[in-house]
Amino acid sequence: MTHFLDIHTTSQPDLRQIIDSARDMKTARAGRPKGTRDDDQPLDGHMVALIFEKPSTRTRVSFDVGVRQMGGQTMVLSGSDMQLGHGETIADTARVLSRYVDLIMIRTFEEATLLEMAEYATVPVINGLTNRTHPCQIMADIMTFEEHRGPIRGKKVVWSGDGNNVFASFAHAAKQFEFDLVFTGPEPLDPERALDGLYTTERDPARAVEGADLVVTDTWVSMHDPQSARERRHNQLRGYQVNADLMAQAKADSLFMHCLPAHRDDEATSEIMDGPHSVIFDEAENRLHAQKAIMRWCLGV
Ligand code: CP
Ligand code: NVA
């Protein structure tokens, strides 16, 4: 069973093949209306379940559109509407869904839920974000960087802010795609220890971004973080805002990324988000193309 659970659990050649395939599929349908089908219909006859236990705009719409462009059908399911949210086990849910659908994408809280789904499903399972990682996002981000600047290998990527789930997938990608990753943020919000060795830390954001090819940030309060921590996090992270002063320390042609949704003028200023360094909407578009390639890879079609 070929699941797409994380970047560090997918081989380097497979990750590269997915990026190449995403780029080729994007090129092949350039300029067409979004609702038209691709020339190839590799998901013809395939049914895909998209399960959301957390809110989503990009993941929900890009997976749904991507499946339809490739000739498949989708059902979008909310965790709370399923028996899953009312006591049915993940293992039973996985075995039941596998009798109806050919592929499962799940966005959930605990990583254990994703792993149990993958263990018991007899169809491929894709990680659409957990509290720990967000691999589909980072595949789109690698694709986006390489579209604008060529190979990411050997480049300097700087993450400014919370050491969260999106950072974790960047850390996994740093090893697999061989780029240098620097984390700058307050010590209480350091990435989890399991990521040690995949990145370096520089507490001073201005020093961290010196010579950066790419500067990345994300929300200061993630969906799994308690709202009660909001004020404390804002106080801890204020000095790590990506603004014009900070970007001025990076390379002149550096890119700026944010997976979105953003809280404008908190983690990044609107000036940066809408300015010449920013590729945030290319990232969002490339979710579509990257995930189409991931689904094809999972299904071997
Ligand atoms: N970046 C991302 O995953 O966005 P959504 O939460 O809207 O899916
Ligand atoms: N870190 C954010 C990413 C949202 C796409 C969260 O988990 O809420």
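Since this is a predicted model, take the numbers as computed values, not measurements. Atoms within a ligand are numbered from 1 in the order they appear, just like the ligands themselves.
- Between R107 and ligand 2, a contact under 3.5 Å exists for no N or O pair.
- Near ligand 1, residues S56, T57, R58, T59, R107, H134, Q137, C259, L260, R287 come within 4.0 angstrom through at least one heavy atom.
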Could you go through residues 81-96 and list every donor-acceptor pair under 3.5 Å that involves a side-chain atom there, pairing it with any protein atom two or more places apart or in another chain?
{"from": "H86", "atom 1": "NE2", "to": "S80", "atom 2": "O", "distance (Å)": "2.8"}
{"from": "T89", "atom 1": "OG1", "to": "D92", "atom 2": "N", "distance (Å)": "3.0"}
{"from": "T89", "atom 1": "OG1", "to": "D92", "atom 2": "OD2", "distance (Å)": "3.4"}
{"from": "D92", "atom 1": "OD1", "to": "R95", "atom 2": "NH2", "distance (Å)": "2.8"}
{"from": "T93", "atom 1": "OG1", "to": "T89", "atom 2": "O", "distance (Å)": "2.7"}
{"from": "R95", "atom 1": "NE", "to": "A91", "atom 2": "O", "distance (Å)": "3.4"}

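- Applying the 6.0 Å contact sphere to CD of Q73 captures no more than 12 heavy atoms from other residues, nucleotides or ligands.
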Checklist line | Chi angles and distances behind the salt bridge (Lys or Arg N to Asp or Glu O under 4.0 Å) call for D39, R32 | finding: CA-CA 11 Å; D39 293 335; R32 290 198 206 171; 2.9 Å; yes

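- Checked by distance only, ligand 2 and N165 come closer than 3.5 Å through their nitrogen or oxygen atoms.
- Note: an N/O pair closer than 3.5 Å links S222 and ligand 2 by distance alone.
- One side chain, H289 or E285, offers a donor N or O that lies under 3.5 Å from an acceptor on the other.
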Next item on the list: Evaluate the criterion side chain to side chain contact (heavy atoms under 4.5 Å, CB included) for residue pair V166 and S169; output intermediate values, then yes/no.
Entry: CA-CA 5 Å; V166 178; S169 287; 6.0 Å; no

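- Between V166 and ligand 2, not a single N/O pair is under 3.5 Å apart.
- A distance below 6.0 Å separates the ring centres of F167 and Y199.
- Between D213 and R149 no salt bridge is recorded (no basic side-chain N to carboxylate O distance below 4.0 Å).
- A salt bridge links K292 with D38: the closest approach of a Lys/Arg side-chain nitrogen to an acidic carboxylate oxygen falls below 4.0 angstrom.
- Counting only heavy atoms of the protein, atom 8 (O) of ligand 2 lies nearest to M223 N, 2.8 Å.
- A donor-acceptor contact closer than 3.5 angstrom links the side chains of R107 and T59.
- Near D218, meaning under 4.0 Å from any of its heavy atoms, are these atoms of ligand 2: 1 (N), 2 (C), 3 (C).
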